[in-house]
Each structure stands twice: as structure tokens, then as C-alpha cells.
Amino acid sequence: MLDIKLIRENPDFVRDGLATRNSPVDIAEVLALDERRRAAITEADQLKNTRNDVSRQIGVLKKAGQDTSEIQRQTREIGEKIAALDNAVREIEAQQEKLMLAIPNLPHASVPRGRDAADNVVVRQWGQPRQFDFAPQDHVAIGERLGLFDFDRAARIAGAGFPLFTGPGARLERALIQFMLDMHTTRHGYTEIAPPHLVTTAAMTGTGQLPKMADDMYHASRDDLWLIPTAEVPVTNLYRDEIIRAPLPLKYVAYTPCFRREAGSAGKETRGLIRVHQFDKVELVKFVPPETSYDELEALVRDVEHVLQTLELPYRVLQLCSGDMSFAAAKCYDIELWAPGHNGWLEDSSCSNFEAFQARRANIRWKNAHGKTEFVHTLNGSGLALSRLYVALLENGQQADGSVVLPAAIRPYMGGLERLGPPA
RNA sequence: GGAGAGAUGGCUGAGUGGCCGAAAGCAACGGUUUGCUAAACCGUCGUACUGGUAACAACCGGUACCGAGGGUUCGAAUCCCUCUCUCUCCGCCA
């Protein structure tokens with residue numbers, strides 16, 4: 001959510017920023033509602049002030065044994081006016097809130113303006129796509145041959161679009177999770193969190209998934225709980241409605257499964273692990289002072305890159321243009337993995353600075369150096385999503401004989417196994 | 001799922017209709033004292049909205065907030081209703 005004061009005081013600045021986002025939003029209505037809201041509040045507050053004064057007098061008069069029935073009758077009328085105004089304020093606030101929740105974040109000054117993914121900028125690339133002396137296969141062919149997963153049986157259990165890892169494939173999934181958690185906790189200074197996988201509507205609204213993404217998420221209607229599409233939701237909500245007392249920055253890492261309906265994506269990448277309704281992810285979340293949030297973003301990206309470098313997987317870092325950034329982001333880097341079987345780059349991580357956008361929605365504050373209470377800045381990044389990392393690992397590690405060589409860093413987590421071979 | 005108890009400011013904890021935004025203690029912050037530390041003493045010490053002065057810091061006023069939402073009343077932390085959460089006991093259960 002944007003600061004209503006910013007919109008009120010610098011409407012042109014806000015209009016310009018929003019114009020670079022992909023979904024056009026008009027702030028005129030918000031401004032008009034804000035005007036009406038403040039007028040109604042002022043009027044109601046003045047009446048309440050009067051009522052408070054009179055009520056106090058009634059108490060004094062009664063104690064003195066005087067008749068106060070007439071003055072009470074008058075005050076009751078004031079009370080009725082107040083109630084009507086309070087209702088009006090509530091109504092206006094609800095409308096204003098609804099509009100405010102639909103306004104995306106403003107892009108940071110360093111974000112290139114652009115319409116869509118075509119205007120994103122490649123910031124750097126690490127590693128070179130490997131040259132094959134045979135035709136590289138895609139991860140589905142590799143995995144099925146090696147018995148790492150079984151999509152047919154997964155469909156029997158849960159329908160299309162769910163993964164089912166088997167044997168060494170399941171172990172590799174677990175190994176990657178553990179490897180990344182270990183790296184982020186022991187090398188990068190993150191605290192591990194194992195959060196709930198279902199969350200309330202308030203939590204989803206706090207991080208910005210609701211109301212906009214309701215159709216993309218699984219909802220347990222009986223209990224009105226939502227399955228998390230990312231650990232960002234429960235972890236960022238750790239401090240909802242709180243003034244953080246611990247010194248910032250706070251850095252958390254959490255492994256969770258992620259659930260996404262992928263409504264509107266029917267037919268795209270339906271094969272294999274690339275687009276699935278459930279995938280595992282190790283997520284990084286930071287709560288930081290506003291002054292350092294952009295430094296923290298760069299550090300966050302480096303932490304994610306460190307994982308890929310250690311796994312020896314070629315990747316590139318993209319800076320997203322204003323039109324391609326997600327709703328809540330002020331600045332965002334995507335990290336894409338090279339996938340030889342698809343002969344292309346796969347988006348596997350998104351690292352964003354949300355500035356105070358989420359903190360304002362979720363009401364997460366801290367006391368700054370001057371003792372003043374202010375909203376924190378929140379950041380998060382995938383560090384990383386398992387399914388596509390898995391794809392890259394299989395496709396980059398595949399050999400002419402059909403086996404897959406595992407990166408040295410992951411072998412200790414696989415009981416020393418160096419390569420995945422065909423089942424006996 | 002059943003029965004009971006509870007939810008007050010960073011923490012502990014008073015407060016059952018008006019002088020309560022809320023005692024007291026602790027913690028924190030500023031200061032005095034001090035060779036240093038400690039102690040003692042003095043002061044400050046919630047948040048949001050809103051009006052004004054003023055301007056990107058601050059000051060003055062108003063309003064609201066004692067788990068959340070409604071209600072009664074001239075007036076609610078205090079009385080009533082609903083909900084949420086916590087604790088204890090019972091039942092069930094990985």
C-alpha cells in the first residue's frame with residue numbers, strides 16, 4: 001500500500017510512477033474519497049469534543065443533585081449525529097482502503113521504464129552454457145529414465161500438475177533443500193523458520209497476495225485459510241501489527257512447499273516440473289531499516305547467486321523493468337538458470353525490495369535511531385525454488401551415457417553419490 | 001469436541017460507569033552525582049487519525065484506541081452480546 005499522504009501531497013509524482021506499471025490505476029477517486037473522509041472526521045471530532053465536555057458537566061451536576069434530563073436529551077441528539085457521521089467515515093474508509101489495496105507499488109528511481117519482459121535488462125551472467133556432443137534431453141526424459149519422478153502416478157493421486165518424486169529423486173529434492181538451508185544459515189547469517197503452510201486472509205492481504213491474486217491460490221473455505229503460494233507470506237507476517245524491538249536487519253530463511261493454482265496458465269509448460277501446482281522453495285526474507293534496503297537487496301541477490309555458483313549452474317541476473325515487476329515490488333531482480341534441454345533460460349528466483357509497501361499493509365514498524373516509529377522495509381527472494389533448480393541440475397549434469405553427474409557440493413547430502421544412474 | 005479461567009502500555013500489574021490514556025514497579029532514554037562501574041536522585045517515557053502553526057524535523061489543539069467487532073448510556077477499560085486467541089481440566093488423536 002502506498003502512503004496516502006504521499007498521494008495527497010505529491011499526486012503528480014505518484015501518477016508518473018504508476019503510469020510506468022503495467023496496470024493503469026487512477027488516483028483521482030482515492031483523492032476525492034480522502035477529501036470527503038477528512039471532512040467527515042473533522043466534523044465528527046468536533047461533535048465528540050462537545051459531547052465529552054457536556055457529559056463531564058452532567059456528571060458534576062448530578063453529583064450536585066440537579067436535574068439534567070433536558071441537557072441529556074440534547075446530548076442524545078448530538079450522539080445521533082455522531083453515529084451518522086461515524087458510519088459515513090467507516091463507509092468512505094472502506095471504499096478508500098479497497099482502492100488503496102489495488103494500487104501497485106511505485107518503481108524505484110533506478111528501475112528502467114518499460115512495458116514488459118522484453119524491456120528487462122540483463123545485468124550479468126555467470127558461467128557458460130555447456131557445449132554438448134550429443135542432443136541434450138529435457139528433464140522429463142532424464143528423470144523418467146532414471147526413476148526420479150512419476151507424473152502419471154502423481155496425476156492419479158492429485159490430478160494434473162503435481163510432482164511425485166521417487167527414490168533417489170526424492171532424496172535429491174531433500175538434499176537440495178538441506179544444502180540451501182545450511183548455506184544460508186551458516187554462511188549468510190539467516191535464521192531458519194519453519195512456518196505454517198496455511199494462513200489467514202489478513203496475512204495474505206499483508207503481503208499483497210490478496211485481494212488481487214485470490215484466483216491463483218488454493219483456499220480452504222471451511223476454515224477460511226489459504227495455502228501459501230510462497231513462504232514470503234508466513235515469514236513476512238511474523239511481525240504483522242508489531243513494532244519490532246530487536247535490532248534490524250532481521251534475516252530469515254524458510255523452506256516450505258508452495259501451492260499455486262496457475263489459473264490462466266492452462267496449456268503452458270504442462271510437461272514436467274517447470275510449472276506445477278506444488279513445489280518446494282527455500283525463501284529468504286529480510287526486515288531492514290529504510291536507509292539500507294537497497295544495499296540489502298544487492299546482498300540478497302549475491303546470497304542467491306552463491307548457491308548457484310556452488311552448484312556450478314550457469315545463470316544470469318535480470319533487472320526487471322517497471323512494467324514487468326510484480327504488484328508489490330519497488331525494485332526486482334530475476335535470476336534465470338540455463339536449461340539445455342529446453343535450450344533457454346528458466347526463471348528461478350525473484351529478489352525484490354518492497355520498501356514500506358508490505359510493511360504498511362501488514363503494519364510492521366520499528367523504532368529508528370532517533371526513537372521515531374516508522375515502517376520497516378521488507379525484502380524477499382527465492383533462494384531458490386526447487387522445481388526449476390532440479391530441472392537445471394538434471395539438464396546441465398546429463399551425460400552421453402544417460403546418467404547425471406551431481407555437483408560436488410550436493411554429494412555429501414546424497415550419501416556421497418556422484419552420479420544418478422539408471423535404476424538397477 | 002465438552003467444561004472453566006483469562007486477554008490492560010516494551011514487561012509485571014492496579015483499576016467494576018464520569019476527575020482513567022489509564023496507578024505502581026521494572027526496563028529504556030536524557031540529566032545530576034561519580035576516578036570507573038554500580039547505586040541514588042530529577043526528568044522523559046504508547047500508537048494512529050485529524051485541525052492549525054510550520055514545513056520535509058518540530059510545536060499546539062482535538063478525536064480514537066485497555067484482544068476484535070457490535071450494543072446499552074448524556075458518558076464505557078469498567079455493563080451486555082458475538083467472535084478470536086491464551087491457559088487449565090476432560091475427551092479424541094499424529
Side-chain angles (χ1 to χ4, degrees), chain A residues 1-14 30-31 33-97 100 106 109 194 196-206 220 222-226 234 237-248 250 287 289-291 355-356 359-376:
Chain A
M1 190 152 60
L2 297 181
D3 185 356
I4 183 63
K5 286 184 196 136
L6 179 70
I7 299 178
R8 190 190 302 151
E9 285 162 22
N10 296 294
D12 291 334
F13 173 78
V14 172
V30 167
L31 284 169
L33 284 169
D34 188 50
E35 195 83 15
R36 283 176 51 204
R37 186 186 118 258
R38 286 158 64 207
I41 287 176
T42 302
E43 198 182 342
D45 280 1
Q46 281 166 358
L47 288 174
K48 284 175 186 172
N49 186 18
T50 306
R51 182 178 65 181
N52 288 345
D53 284 346
V54 174
S55 292
R56 238 184 309 268
Q57 283 168 28
I58 290 173
V60 174
L61 291 173
K62 276 197 161 177
K63 229 163 228 167
Q66 299 193 26
D67 175 37
T68 56
S69 52
E70 174 58 20
I71 193 168
Q72 283 187 31
R73 192 189 58 73
Q74 289 169 2
T75 313
R76 195 176 309 135
E77 281 171 18
I78 295 179
E80 283 160 13
K81 280 189 203 160
I82 290 172
L85 280 166
D86 277 349
N87 282 332
V89 169
R90 228 191 317 272
E91 220 167 277
I92 296 167
E93 275 178 344
Q95 281 183 55
Q96 190 177 345
E97 170 97 347
M100 290 291 287
L106 296 171
H197 299 169
L198 280 81
V199 303
T200 61
T201 294
M204 282 295 185
T205 306
R222 197 180 167 105
D223 299 291
D224 193 21
L225 291 170
W226 304 79
N237 276 283
L238 272 175
Y239 292 105
R240 182 157 53 88
D241 290 326
E242 192 169 328
I243 297 172
I244 299 176
R245 304 283 161 175
L248 300 185
L250 291 168
F287 303 85
E291 312 84 70
E355 297 193 2
R360 194 171 288 112
R361 284 174 167 244
N363 195 27
I364 304 171
R365 295 171 295 171
W366 76 306
K367 296 242 187 227
N368 67 18
H370 306 291
K372 203 168 145 58
T373 304
E374 66 179 353
F375 291 111
V376 302

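Letters go in sequence order (proteins before strands), and every chain restarts at 1.
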Salt bridge (Lys or Arg N to Asp or Glu O under 4.0 Å) partners of [X], counting only residues at least two apart:
X        : answer
A:Asp224 : none
A:Arg8   : A:Asp34
A:Asp86  : A:Lys48
A:Arg56  : A:Asp53

| Validation row: A:Leu225, A:Thr200 side chains within 4.5 angstrom (heavy atoms) | yes
| query | With a 4.5 Å limit on heavy-atom distance, are the side chains of A:Gln95 and A:Arg37 in contact? | reply | no
Expressed in whole Å, how much space separates the [atom1] atoms belonging to [N] and [M]?
N      : M      : atom1 : answer
B:rA23 : B:rA14 : P     : 15 Å
B:rG69 : B:rU84 : P     : 15 Å
B:rG9  : B:rA64 : C1'   : 16 Å
B:rU16 : B:rU78 : C1'   : 5 Å
B:rU12 : B:rU72 : C1'   : 34 Å
B:rC19 : B:rA77 : P     : 9 Å
B:rA38 : B:rA57 : C1'   : 37 Å
B:rG21 : B:rC66 : P     : 12 Å

Sequence-distant partners of [X], side chain to side chain donor-acceptor pair (under 3.5 Å), two or more places apart:
X        : value
A:Gln74  : A:Glu70
A:Arg240 : A:Asn237
A:Arg365 : A:Asn363

Rounded distance (Å) that lies between atom [atom2] of [N] and atom [atom1] of [X]:
X        : N      : atom1 : atom2 : result
A:Glu242 : B:rG10 : CD    : P     : 10 Å
A:Gln46  : B:rA64 : CD    : C1'   : 15 Å
A:Asn49  : B:rG61 : CG    : P     : 13 Å

| For A:Tyr239, all residues meeting ring-ring contact (aromatic ring centres under 6.0 Å, His included), sequence neighbours excluded | A:Phe287
| message | Please enumerate all residues that pass ring-ring contact (aromatic ring centres under 6.0 Å, His included) together with A:Trp366, with sequence neighbours excluded. | response | none
| said: Strictly under 4.0 angstrom, non-hydrogen atoms only: write out the protein contact profile of nucleotides 46-55 of chain B, one letter per nucleotide from the 5' end, B, S or -. | reply: SSSSSS----
| remark: Each nucleotide of nucleotides 67-82 of chain B classed B (base within 4.0 Å of a protein heavy atom), S (only sugar-phosphate) or -, in 5' to 3' order, makes ---S---BS-------
| query | Under a cut-off of 3.5 Å for both distances of each Watson-Crick or G-U pair, what dot-bracket string does RNA chain B give, using [ ] for crossing pairs and | for inter-strand pairs? | reply | ((((((((.[[[..)..(.....]]].(((((.......))))).((((((((....)))))))).[[[[[..)....]]]]])))))))....
